[in-house]
Amino acid sequence: MRGDLLNEDTLILKLKKREPEAYRSLLETYQQSLLALVYKYTNDYVEAQDLTQEIFIKIFKNIAHFNASSKLSTWIYRIAHNTCIDWSRKKTPLPVKQLEINGTEHSTEEAVIYKEEQALIHDTIVNLPEIYKSVIILYHFNHLSYKEISEILELSEKTIETRLYRGRRKIKEQLKNYYSGGEGNAL
C-alpha cells in the first residue's frame, strides 16, 4: 500500500513544500487503493473516480495541517472515509448493477454463478448500516489492522472488533435469507 519511492517523512516534507515529485509519489502509492475503497461506498465507477479526485484535492489542500500524530496513511484514509460518508449522506444509493456476461467462452456456468455471488455480496455490503460498512470495507478490502481502523474512525479497537463481528453476522444473515428464499432476500 505504501510506496517505496520516498519514505514517509521525506514525502510529507516534500508535500508540504508542494514539490511535484511528492504529489506523483502520493498518487502512485494511494490512487488504486483509494479508488477501490470509494467504489465500495458508491457502487459506481465514474462516481468513485470523481470522489477519489476530490479526496486527493483535500489531501493536497490540507497537507500543511498534517501534524504526524498518526501515520500519513491513517490520515489519508480518514479523509477518504469522511468524504465517502459525506457523499452517502447527500446521495441516494444507486442500485447495484448486475454484472453483464459477454457470451464468450469465459462465461461458463461456474463463472456466471461466481459473478452473481460476488454481486450479491457486494450488494449486501453496500446496504449495511454505515457503522458496519466502514469497518468491513477498511478491514476486508483495504486490509487495514484494527489499530489503523480505530485511528481512522477515531474509535476504540474493541469497538472496531465488535462492529466487524456484527457486520459479518449481518452479511451472513442476509446471505442465509437469500439462499433459503426467506423474506430477507430483497436487498
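- Annotation: Arg166, atom CZ; neighbour count of heavy atoms from other residues, nucleotides and ligands within 6.0 Å does not exceed 12.
- Judged by distance alone, the side chains of Glu151 and Trp75 never bring a donor and an acceptor atom under 3.5 Å apart.
- Contact check for Glu161 versus Ser156: no side-chain heavy atoms found under the 4.5 Å cut-off.
- Side-chain contact between Thr162 and Tyr165: absent, with no pair of heavy atoms (C-beta onward) separated by less than 4.5 Å.
- The closest side-chain heavy-atom distance from Ile125 to Lys40 is not below 4.5 Å.
- One distance of note links CG of Leu11 with CD of Glu19; it measures 10.0 Å at 0.5 Å rounding.
- Here the shortest heavy-atom pairing between Val38 and Cys84 reads CG2-SG, 3.8 Å.
- Residues Ser150 and Glu157 share a closest heavy-atom pair of OG-CG, 3.6 Å.
- Taking the six-membered ring for Trp and thresholds of 30 and 60 degrees, Tyr139 and Tyr146 have ring planes inclined between 30 and 60 degrees apart.
- When each of Glu173, Lys170, Gln174 is checked for a side chain to side chain contact (heavy atoms under 4.5 Å, CB included) with Thr124, only Gln174 meets the rule.
- A donor-acceptor contact shorter than 3.5 Å is absent between the side chain of Asn142 and the backbone of Leu144.
- Using a 4.5 Å cut-off on side-chain heavy atoms (C-beta onward), Val135 and Thr159 make no contact.
- Annotation for Tyr77 and Leu37: closest pair CD2-CD2, 3.9 Å, computed over non-hydrogen atoms.
- Residues Phe141 and Ser33 form no side-chain contact, since every pair of their non-hydrogen atoms from C-beta on lies 4.5 Å or further apart.
- Taking 4.5 Å as the limit, every side-chain heavy atom of Lys172 sits out of range of all side-chain heavy atoms of Lys176.
- No side-chain donor-acceptor contact under 3.5 Å links Thr42 and Asp44.
- The main-chain N or O of Ser25 is found under 3.5 Å from a side-chain atom of Thr29 such that the two form a donor-acceptor pair.
- Residues His81 and Ser134 come closest through the heavy atom pair CE1-OG, 2.8 Å.
- In summary, the aromatic rings of Phe56 and Tyr23 are positioned with their centroids too far apart to meet the 6.0 Å limit.
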Leu153 and Leu138: CA distance, side-chain angles, deciding distance, side chain to side chain contact (heavy atoms under 4.5 Å, CB included) verdict: CA-CA 10 Å; Leu153 301 180; Leu138 291 170; 4.2 Å; yes

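- When the shell of 6.0 Å around NZ of Lys58 is examined, it contains more than 12 heavy atoms from other residues, nucleotides or ligands.
- With values rounded to the nearest 0.5 angstrom, Leu155 atom CG is found 4.5 Å from Ile160 atom CD1.
- Side chains of Thr83 and Asp86: a donor-acceptor N/O pair is absent below 3.5 angstrom, by distance only.
- Leu128 and Gly167 make their closest contact through CD2-O, 4.2 Å (heavy atoms, listed as atom of the first residue, atom of the second, distance).
- A chain of hydrophobic side-chain contacts below 4.5 Å, direct or via other Ile, Leu, Val, Met, Phe, Trp or Tyr residues, connects Ile136 to Ile131.
- Between Ile12 and Leu26, the closest side-chain pair of non-hydrogen atoms is not below 4.5 Å.
- Between Trp87 and Leu51, the shortest heavy-atom distance links the atoms CG-CD1, 3.5 Å.
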Working for salt bridge (charged side-chain N to carboxylate O under 4.0 Å, His left out), residues Glu130 and Lys133: CA-CA 5 Å; Glu130 198 60 54; Lys133 179 173 30 177; 3.7 Å; yes

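- Atom CD of Gln53 is separated from atom CG of Leu35 by 11.5 Å, given to the nearest 0.5 angstrom.
- Considering CD of Gln49 and CG of Leu34, their distance stands at 13.0 Å, rounded to 0.5 Å.
- Between the side chain of Asn62 and the backbone N or O of His65 there is no donor-acceptor pair closer than 3.5 Å.
- Between the Thr52 side chain and the Ala48 main chain, a donor and an acceptor come within less than 3.5 Å of each other.
- At a threshold of 4.5 Å between side-chain heavy atoms, the hydrophobic network of Ile, Leu, Val, Met, Phe, Trp and Tyr places Ile57 and Ile63 in two separate groups.
- Residue Lys16 holds its NZ atom at 8.5 Å from CG of Leu13, rounded to the nearest 0.5 Å.
- One finds the CG atom of Leu27 at 9.5 Å from the CZ atom of Arg24 (value rounded to the nearest 0.5 Å).
- Within the 4.5 Å cutoff, no side-chain heavy atoms of Lys71 are placed close to those of Ile76.
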